[in-house]
Amino acid sequence: MKVEIRFFGQLIEIVGSNTFELEITKLEYDAILTQLNNQMPSIKPFTIQLAQNNKIIQGETELDLSPIDVFPPFSGG
Amino acid sequence: MKVEIRFFGQLIEIVGSNTFELEITKLEYDAILTQLNNQMPSIKPFTIQLAQNNKIIQGETELDLSPIDVFPPFSGG
Amino acid sequence: MKSIFKKGEISPKFIAQSIENHQSKIQIGAHQTFMGQIRQDISQGRKVVGMSYTAQEEMCNELAEQLREELITKYDLSCIHIYHSLGYIKVGALCFFVFLSGRHRSNTFHALEECVNKVKSNLPIFGKEIYDDESYGWKSNT
Amino acid sequence: MKSIFKKGEISPKFIAQSIENHQSKIQIGAHQTFMGQIRQDISQGRKVVGMSYTAQEEMCNELAEQLREELITKYDLSCIHIYHSLGYIKVGALCFFVFLSGRHRSNTFHALEECVNKVKSNLPIFGKEIYDDESYGWKSNT
């Protein structure tokens, strides 16, 4: 299956695009993270966080097929 | 000797005047406080602080003949 | 010596002007303000309609100056400004304004609290609550 | 849902208006504000001339809403307002404004610190420093 990936901040420059269609075999956080690092090795140096439906996701979070946001470290304020 | 007493806040109402000439025998905090309470019994219920030359005075403070300020509890802010 | 006192209320416009005056200070990264507003308390069934402030002004200004210097050094700040109203201030208006600025935010939180508390506890300022039946009562911070 | 974002800088006039809007709230006795100002840092010999902000806006607005509700309850406040700039903000201008109000002052100091820190650490906002040689670099709060 495919899931839409949306990049933010510096990652947009690193990847060269705002969005990306990621092919995944399992709808799980770890699987998405591994697949993302494999297909986008340029983001590996970053401490990233993923979010779906406006919530940070982690290992146990139950996911759906909504877009996944990929965040570099935050720097608001 | 005489020293000028200046009242502030509610004490002006209690005493009925802004200033008062206090006759004292010793230029000492305790003597002034005792004399003040004797001549102005209406201020006895108040927790007062005394100041001279814009500084709070206490038992040990060395005094001169400048006016003595008598403050009720502070309530700024 | 700089006076902390303003006749009457401290207007939002005055606060905006104070902020604007600091926008040329390019080493500043964080500002904080505290503003005291006259609250409609109820005292023995009477509504507060305003406060009336008097002070030993000269002593307050000296103490405020010392407090500013002490806290700027202690918390490594760029500047501190303190303003307090004198005279009658109606409910809803501002009577007390503390404005401090520093390079980074971390120091400013404790500095603000300490500054506000020390002004309230150490400066000879006297507030009288005015009620809706034209009677009044004296406040105490202690 | 209320948006915390403002295109461009947060003006002192906007802050004055926010304060004025609270002067009819007669149960309030204490306001506090935090304001973030763009500082002229030096990075590898280059002067910062401004910052450019982007964000996952929808997520920020949801998190800000939750944070407001959480802190209003925890600290017994009347209200909290949070504003953040998007786009280019020059040195000296304000990019971040937190405004909170309560009956009494005691609770507001910790509330302000917690609110500012949580916005900085939890909201997906991304700031890019723009330098005087037209190069730029990305900031990180961690």
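Residue numbers begin at 1 in each chain, while the letters A, B, ... track the order of the sequences.
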Which answer fits C:Gln27, side chain, backbone, both or neither, if we ask what part of it has an atom under 4.5 Å from a heavy atom of chain D?
backbone

D:Phe14 versus chain C, the contacting section by heavy-atom distance below 4.5 Å
neither

Top contributor to chain C interface from D:Gln17, D:Lys25, D:His104 [non-hydrogen pairs under 4.5 Å]:
D:His104

Checking D:Thr33 against chain C: side chain, backbone, both or neither under 4.5 Å from a heavy atom?
both

Quick note, side chain to side chain donor-acceptor pair (under 3.5 Å) partners involving residues 83-95 of chain C, not counting sequence neighbours, are C:Glu9-C:Lys90

Do you know which of D:Ile38, D:Val98, D:Leu94 has the most heavy-atom pairs under 4.5 Å to chain C?
D:Leu94

Without hydrogens or angle criteria, can the side chains of C:Ser43 and C:Asp41 be said to hold a donor-acceptor pair below 3.5 Å?
no

When you compare the side chain of C:Ile80 with that of C:Ile82, does any pair of heavy atoms fall below 4.5 Å?
yes

Which residue out of D:Lys13, D:His110, D:Glu20, D:Gln32 racks up the most heavy-atom pairs below 4.5 Å with chain C?
D:Gln32

Engaged part of D:Ile15 at the chain C interface, taking heavy atoms whose separation is under 4.5 Å
side chain

So D:Asn117 and C:Arg105, side-chain contact (heavy atoms from CB on, under 4.5 Å) or not? Walk me through it.
CA-CA 9 Å; D:Asn117 287 342; C:Arg105 77 185 187 288; 2.9 Å; yes

Comparing D:Ser106, D:Ala30, D:Gly29 against chain C, the one with the most heavy-atom pairs below 4.5 Å turns out to be D:Gly29

Once you measure the plane-to-plane angle for D:Phe97 and D:Phe99, does it fall in the parallel (<30°), tilted (30-60°) or perpendicular (>60°) bin?
parallel

Between D:Ser135 and D:Arg46, is the side chain to side chain donor-acceptor pair (under 3.5 Å) condition met? List the steps.
CA-CA 9 Å; D:Ser135 65; D:Arg46 299 163 304 178; 2.9 Å; yes

Applying a strict 4.5 Å limit to non-hydrogen atoms, the region of C:Lys120 in contact with chain D is side chain

Take the angle between the ring planes of C:His31 and C:His22 and call it parallel below 30°, perpendicular above 60°, tilted in between.
perpendicular

Contact winner vs chain D - C:Val116, C:Val48, C:Ile28, C:Val91, heavy-atom pairs under 4.5 Å:
C:Ile28

